[in-house]
Amino acid sequence: MTLYPKLIHDALATVRYPGNGKNLIEADMVADNLRIDGMNVSFSLIFDRPTDPFMKSMVKAAETAIHTYVSPDVRVTITTESRQAARPEPGKMLPQVRNVIAVSSGKGGVGKSTVAANLAVALVRLGYRVGLLDADIFGPSMPKMFQVEDARPYAEHKDGRDLIVPIEKYGLKLLSIGFFVNPDQATLWRGGMASNALKQLVGDADWGPLDYFVIDTPPGTSDIHLTLLQTLAITGAVIVTTPQQVALADARKGVDMYRNDKVGVPILGLVENMAWFTPAELPDNRYYIFGRDGGRHLADELGVPLLGQIPLVQGICESGDQGSPVALDPDTTTGRAFLQLAAAVVRQVDRRNVEMPPTHIVEVRK
Ligand SMILES: Nc1ncnc2c1ncn2[C@@H]1O[C@H](COP(=O)(O)OP(=O)(O)O)[C@@H](O)[C@H]1O
Ligand SMILES: [Mg+2]
């Protein structure tokens, strides 16, 4: 018997793909690389994703259809391809990113997002290429702080993959879990869904080359932190605290989460936020309403640098609400404080990279 393409296509048209109920031909899943050589037939089946759950069964079904409808003597070789190239392995993600900085705090409301946003903006002002990822699933605040609440990041096709394009604002690249999740529903997200969304924001986005990739993590310790540690080699963590006793106790927990043996992410240092209150009309006055130097003492006790002290000033709160971080204006006291903080972070990162080996991702135990 002589084989010809129509025979093979007719056989493949009897195989239904469960994903959409169409047959393999209708679903456009048979690549146009069909080769016939005597009784040898080879071609590829194309799937949208490399992880398609029906991949194996479709290959088997296609083979069986050819044996049934054409001839049992056909020798069939089927390879699989995917329209979407695979997401890189964890650990190989973001190869063009030089430093990953996790901004963390023991509890919410201490100004973690304010520090992350202003640190990122200040790093841009120092001339670095910066990406900012808002991974705080329980309180994503970057869309508001950067006034891009209505932004809808689109996907582009690049290198065989569909990649999310980060929003560009104030010279940095930004993605927030808040673009994808309605904050009111965030707590309803099962752990797996949130983790998956986060992995996508890291691994399926077109971040490009960056000097600093700053991550605003959720307060405390959570599954999200574990996902981050398993997905990305974090260069170092910046811990934000306020001077109060309770906040300090929480900050200690945050430090332990990164520093323990299994994780081994170095602490770059502590930021003491709301270190004192300065009223707008008395810019030289400092009122230590939450106690004095709590952050400095904790830093000493933990043996980590105090990277900066940020005063409590009305302007920080207002500018956060208006979507223009104070670090954009280096002529203000607070703008200067954040520039100094950024410079301190850069110094610590450089030092860390000289003195310590690169961080490894935390392996998922199987
Ligand atoms: N140094 C500061 N001075 C004034 N307001 C601040 C300061 N730091 C944070 N805030 C305000 O406090 C609130 C909580 O800060 P935020 O950064 O959202 O905290 P977190 O991310 O830790 O929950 C926000 O309204 C923010 O504008
Ligand atoms: Mg926050």
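The figures here come from the full heavy-atom set of this structure, side chains too, leaving out hydrogens, waters and symmetry mates. Residue numbers start at 1 and run along the sequence shown. Atoms within each ligand, like the ligands themselves, are counted from 1 in listed order.
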Open item on the list: Would you say H225 and S222 are linked by a side-chain donor-acceptor pair, where the criterion is simply a distance under 3.5 Å?
Closed with: yes
- [ ] Would you check if the side chain of R16 reaches a backbone N or O of G21 as a donor-acceptor pair within less than 3.5 Å?
- [x] yes
TODO: Could you find the nearest protein heavy atom to atom 8 (N) of ligand 1 and give me its residue, atom name and distance?
DONE: N273 ND2, 2.9 Å
TODO: State whether the shortest distance between N or O atoms of K107 and N or O atoms of ligand 1 falls below 3.5 angstrom.
DONE: no
Open item on the list: Looking only at the side chains, is there a donor atom on one of S42 and T77 sitting less than 3.5 Å from an acceptor on the other?
Closed with: no
Open item on the list: Please classify the D136 to ligand 1 contact at 4.0 Å (heavy-atom distances, strictly less than): side chain, backbone, both or neither.
Closed with: neither
- [ ] Kindly confirm or rule out an N or O of I310 lying under 3.5 angstrom from an N or O of ligand 1.
- [x] no
- [ ] Using a 4.5 Å cut-off on heavy atoms from C-beta on, say whether the side chain of L175 contacts that of I164.
- [x] yes
- [ ] Scan T235, V238, V103, V304 and name whichever one has a side-chain contact (heavy atoms from CB on, under 4.5 Å) with L268.
- [x] V238
TODO: May I ask you to check if ligand 1 and P311 share an N or O to N or O distance below 3.5 Å?
DONE: yes
TODO: Identify the protein heavy atom lying closest to atom 22 (O) of ligand 1, giving its residue, its atom name and the separation to 0.1 Å.
DONE: K112 N, 2.8 Å
Open item on the list: Please give me the protein atoms (N, O or S only) lying under 2.8 Å from the Mg ion (ligand 2), ordered by chain and number.
Closed with: S113 OG
Task: Side-chain cluster (under 4.5 Å, hydrophobic types only) that F290 belongs to, other residues - done: M274, F277, L282, Y287, I289, L312
Open item on the list: Please enumerate all residues that pass side chain to side chain contact (heavy atoms under 4.5 Å, CB included) together with V97, with sequence neighbours excluded.
Closed with: L94, V100, L210, F213
TODO: Going by heavy-atom distance to atom 11 (C) of ligand 1, choose the closest among C317, P140, G315, G139.
DONE: C317
Task: Residue and atom name of the nearest protein heavy atom (relative to atom 4 (C) of ligand 1), distance in Å to one decimal - done: V313 O, 3.0 Å
Task: Distance-only polar pair, side chains of Q322 and E318, donor-acceptor under 3.5 Å - done: no
Task: Short N-O contact, D256 and K253, less than 4.0 angstrom - done: no
Open item on the list: Does the residue G108 have a heavy-atom contact with ligand 1, meaning some pair of atoms that are separated by less than 4.0 Å?
Closed with: yes
Task: Distance from atom 12 (O) of ligand 1 to nearest protein heavy atom, with residue and atom - done: M274 CE, 4.1 Å
TODO: Could you tell me the separation between the CG atom of D10 and the CD1 atom of I66, rounded to the nearest 0.5 Å?
DONE: 11.5 Å
Open item on the list: Return the closest protein heavy atom for atom 2 (C) of ligand 1 as residue, atom name and distance.
Closed with: I316 CG2, 3.5 Å
Open item on the list: For ligand 1 and V110, I'd like to know whether there is a polar contact (N/O to N/O, distance under 3.5 Å).
Closed with: yes
Open item on the list: For R87, is the CZ atom crowded, meaning more than 12 foreign heavy atoms sit under 6.0 Å from it?
Closed with: yes
- [ ] Compute whether any side-chain donor of one residue and acceptor of the other, for S324 and S319, lie under 3.5 angstrom apart.
- [x] no
Open item on the list: With respect to S113, determine whether any N or O atom, backbone or side chain, lies less than 3.5 Å from an N or O atom of ligand 1.
Closed with: yes
Task: Candidate with minimal heavy-atom separation from atom 14 (C) of ligand 1, of G320, G109, S319 - done: G109
Open item on the list: Taking G323's backbone N and O only, do any of them form a donor-acceptor pair with Q147's side chain (distance below 3.5 Å, no angle check)?
Closed with: no
Open item on the list: Ignoring hydrogens and geometry beyond distance, is a side-chain donor-acceptor pair present between Y17 and D52 at under 3.5 Å?
Closed with: yes
- [ ] Pick, from D134, V326, L312, T114, the option with the minimum heavy-atom distance to atom 9 (C) of ligand 1.
- [x] T114
- [ ] Check whether any protein heavy atom sits under 4.0 Å from atom 26 (C) of ligand 1.
- [x] yes
Task: Region of S141 engaging ligand 1 - heavy atom pairs below 4.0 Å - done: neither
TODO: With sequence neighbours excluded, tell me which residues meet salt bridge (charged side-chain N to carboxylate O under 4.0 Å, His left out) with K22.
DONE: none
- [ ] Could you say whether the N/O atoms of D321 and ligand 1 ever approach to under 3.5 Å?
- [x] no
Open item on the list: Does K112 form a salt bridge (charged side-chain N to carboxylate O under 4.0 Å, His left out) with D136? I'd like the steps, not just the answer.
Closed with: CA-CA 10 Å; K112 176 175 53 62; D136 188 350; 3.4 Å; yes
Task: Residue, atom name and distance, where the atom is the protein heavy atom closest to atom 19 (O) of ligand 1 - done: G111 N, 3.0 Å
TODO: Return yes or no for this condition: an N or O of S105 is under 3.5 Å from an N or O of ligand 1.
DONE: no
